Chemist: 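Sharing a structure with you now.
On a predicted model such as this, the values are computed, not experimentally measured, just so you know. Proteins get letters first, then strands, A, B, ... in listed order; numbering begins at 1 in each. Just the heavy atoms: all of them, side chains too, but no hydrogens, waters or symmetry mates, feed the values below.
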Amino acid sequence: MINKTKLSAVALFLGPSLLIIALFFFMPVIAAFAMSFTDFDIYALGNLDYLRFVAFKNYSTLLSDPLFWTAIKNTFYFVMVGGPLSVAASLAAAVLLNSKFIRFKGVFRLIYFLPVVTTHVAVAIVWRYIYHPRFGLLNYLLGFIGLGPVDWLGDPNWSMPAIILLVVWKNFGYNMVIFIAGLQNIPEELYEAASIEGASAWQQFKHITIPQLAPTTLFISVITMIGYFQLFAEPYVMTQGGPLNSTLSIVLYMYQEGFRWWNIGYSTALAFMLTIIILIGTSIQFKLQKERNG
Amino acid sequence: MAKVKKYLVLALVIFVAVITFLPFLWMVSASFMPTGASNTYPPKLFPEKFDFSHYQVLFSRLNLTRYLLNSIIISLGATFFSLFLNSMGGYAFAKFRFSKKESLFKFLLSSMIIPGQVTMLPVFLLLKNMGLINTYWAIIVPGMASIFGIFLIRQYAFSIPDSMIEAAKMDGATELQIYLKVILPLCKPILVTLGLFTFMGTWNDFLWPLIVMTDSNMYTLPVALANLSSEHVQDTEMLMAGSVITIVPVLIVFLALQKYYIKGIMMGSVKE
């Protein structure tokens, strides 16, 4: 017979944290869902009598709102290109640092990790100048190999690649740390056996490293994707969503609608669209992984 | 052949390190250059002479002391409360026995997939009704407990042997005494990790402070910096100084405790 903990103790220990989570997470989620079916706006904010139930109107307006589709397109561009690039950069850095040729691994790991812990806003401001078309460091360096100059943040074709480049630079260290741990869990014998049979480094990477890392890669891909769908600070600071809305992300659009124009009903509908997209994206990734494992 | 490979790998590792470090180097250098000196072609990586005036202006004329103080108070406050609430919750989920415990925890974990942005407007309205907008509490209170924090503590608290808790009970300790005298001291490493995550997360956060701090006296450093950057686009050197001031405190904290941070990432990435 297992002794149950006294109910008063359970309430004392779990009560405070669950109360906070209920009050500031679960109830707001429900409230937001309810609001997304109303025309909650700046007038209703002043006087709730103006609040009306509009059923699916916010959602149907969204679907015919060109800016919504622009935000969707931009965010997907960012997630589909930036996500895989990020994961690939992390994996490459992890394999590199895991090499037996490298000494002072801790120092390099620390340097690679520094961008992860620095403030988004500060980094975005610094990169805004690195991307400067005339005086920026990047165009200067590209000049050596005969490229450019590119108007990174001023040209709608280059603005999103510029944000992707910055975000890959900022984040690769995080997933790299997880990949390094994954690499160290792969049994050394697998590689020894493969080299005896004459497998090249690339073959070993393809047939041992990649399959062995599959669970780690799935985890990393999912958290990276979820995080990247929430792109906000970088376009807010660097481009304000421009030029020509080329970097307007879903969350940035949501912020503008909700907190600049106080279209609260509309903005919460946007938030739920984002949630649905993230849920679909996550389940697709799990499904793909399952199929690959046969 | 092996030697060629060795130098190739080494060159690559150093190349990546340089790329990673270059923006930081440029930021710090530019912050010490006289106004306008960083906007030259070719770009300069080091200042010709050191000019501290941007830092002076930021602290004297542009109220940066106040923002720095705001950031420190909010980050420390959030860290303090979140350590208490999450450790109590996490410990209860690991060691208490009550019905529906596992299903409650699973429910919490699965809800983590909902992006936090969904809650922003309702939480803003709630805080507004509570009169907390433009107070430190607007950031501290919603962050006092988190599912991730509870999860982290729970994973760690599993490793505490039941016998220690039983022994304390035999000695007549109450649940609260056990938590304070046995559990908290044993959880020190994970508390450092969670504290570090909370502190750095709160310090670096931008979207939430941007929303709840509309009075410029209450800005945190990132909000103040973003604001400054739209008002003083041309003052590159001063903005770099502002960036340095924003980044340096978190970097110091991180460098001092990086071991705990890495451990936390590993624990967060271990699924059940």
Chemist: Considering only heavy atoms, which portion of Leu141(A) lies under 4.5 Å from any heavy atom of chain B: side chain, backbone, both, or neither?
Modeler: side chain

Chemist: Could you measure the distance from the CZ atom of Phe105(B) to the CG atom of Leu14(A)? Nearest 0.5 Å is fine.
Modeler: 10.5 Å

Chemist: With a sphere of 6.0 Å drawn around CZ of Phe15(B), does it hold more than 12 non-hydrogen atoms of other residues, nucleotides or ligands?
Modeler: no

Chemist: Looking at residues at least two apart in the chain, or sitting in another chain, which of them share a salt bridge (Lys or Arg N to Asp or Glu O under 4.0 Å) with Lys170(A)?
Modeler: none

Chemist: Under a 4.5 Å heavy-atom cut-off, does chain A meet the side chain of Glu175(B), its backbone, both or neither?
Modeler: both

Chemist: On a heavy-atom basis, which atom in Ser243(B) and which in Ile125(A) lie closest, and how many Å separate them?
Modeler: OG-CG2, 4.1 Å

Chemist: For the CG atom of Leu251(B) and the CG atom of Leu114(A), what is their distance to the nearest 0.5 Å?
Modeler: 6.0 Å

Chemist: I need the minimum non-hydrogen distance between Ala145(B) and Ile20(A), along with the two atoms involved.
Modeler: N-CG2, 3.8 Å

Chemist: Less than 4.5 Å apart, any side-chain heavy atom of Thr118(A) and any of Phe254(B)?
Modeler: no

Chemist: Classify the angle between the aromatic ring planes of Phe107(B) and Phe26(A) as parallel (below 30°), tilted (30 to 60°) or perpendicular (above 60°).
Modeler: parallel

Chemist: Where on Tyr255(A) is there a heavy atom nearer than 4.5 Å to chain B: the side chain, the backbone, both, or neither?
Modeler: side chain

Chemist: Looking at Tyr179(B), Tyr7(B), Trp203(B), which makes the most heavy-atom pairs under 4.5 Å with chain A?
Modeler: Tyr179(B)

Chemist: Any idea which heavy atoms bring Val117(A) and Asn204(B) closest together, and the distance?
Modeler: O-ND2, 3.1 Å

Chemist: Looking at Leu12(B) and Tyr112(A), what are the two nearest heavy atoms and their distance?
Modeler: O-OH, 4.5 Å

Chemist: Give the minimum heavy-atom separation between Tyr129(A) and Val233(B), together with the two atoms involved.
Modeler: OH-O, 2.5 Å

Chemist: So for Leu104(B), is it side chain, backbone, both, or neither that comes closer than 4.5 Å to the heavy atoms of chain A?
Modeler: side chain

Chemist: With only heavy atoms counted, which part of Ser111(B) is less than 4.5 Å from chain A, the side chain, the backbone, both or neither?
Modeler: both

Chemist: Listed by chain and number, what are the side chain to side chain contact (heavy atoms under 4.5 Å, CB included) partners of Tyr228(A), not counting sequence neighbours?
Modeler: Phe78(A), Val79(A), Ser86(A), Val167(A), Asn171(A), Thr224(A)

Chemist: Using a 3.5 Å distance criterion without hydrogens, assess whether the side chain of Tyr236(A) forms a donor-acceptor pair with backbone atoms of Ala226(B).
Modeler: no

Chemist: Answer with side chain, backbone, both or neither: which region of Phe259(A) has an atom nearer than 4.5 Å to a non-hydrogen atom of chain B?
Modeler: side chain

Chemist: For residues Phe113(A) and Tyr261(B), determine if any side-chain heavy atom of one lies less than 4.5 Å from a side-chain heavy atom of the other.
Modeler: yes

Chemist: Report yes if the distance between the aromatic ring centroids of Trp169(A) and Phe24(B) is under 6.0 Å, otherwise no.
Modeler: yes

Chemist: Quick one: side chain to side chain contact (heavy atoms under 4.5 Å, CB included) partners of Asn39(B), sequence neighbours excluded?
Modeler: Phe135(A), Thr236(B)

Chemist: Side chain, backbone, both or neither: which part of Val141(B) has an atom under 4.5 Å from a heavy atom of chain A?
Modeler: both

Chemist: Please evaluate residues Thr5(A) and Lys95(B) with respect to the criterion side chain to side chain contact (heavy atoms under 4.5 Å, CB included), reporting the C-alpha separation (whole Å), side-chain torsions for both, the decisive distance (0.1 Å), and the verdict.
Modeler: CA-CA 9 Å; Thr5(A) 312; Lys95(B) 291 296 181 186; over 6 Å; no

Chemist: For Leu176(B), is it the side chain, the backbone, both, or neither that has a heavy atom closer than 4.5 Å to a heavy atom of chain A?
Modeler: both

Chemist: Using a heavy-atom cutoff of under 4.5 Å, enumerate the residues of residues 103-110 of chain A that contact chain B, numbered in order, or state 'none'.
Modeler: Phe108(A), Arg109(A), Leu110(A)

Chemist: Examine whether an atom of Ser99(B) lies under 4.5 Å from a heavy atom of chain A, and if so say whether it belongs to the side chain, the backbone or both; otherwise answer neither.
Modeler: both

Chemist: Which pair of heavy atoms, one from Leu125(B) and one from Met35(A), lies closest together, and at what distance?
Modeler: CD1-CE, 3.4 Å

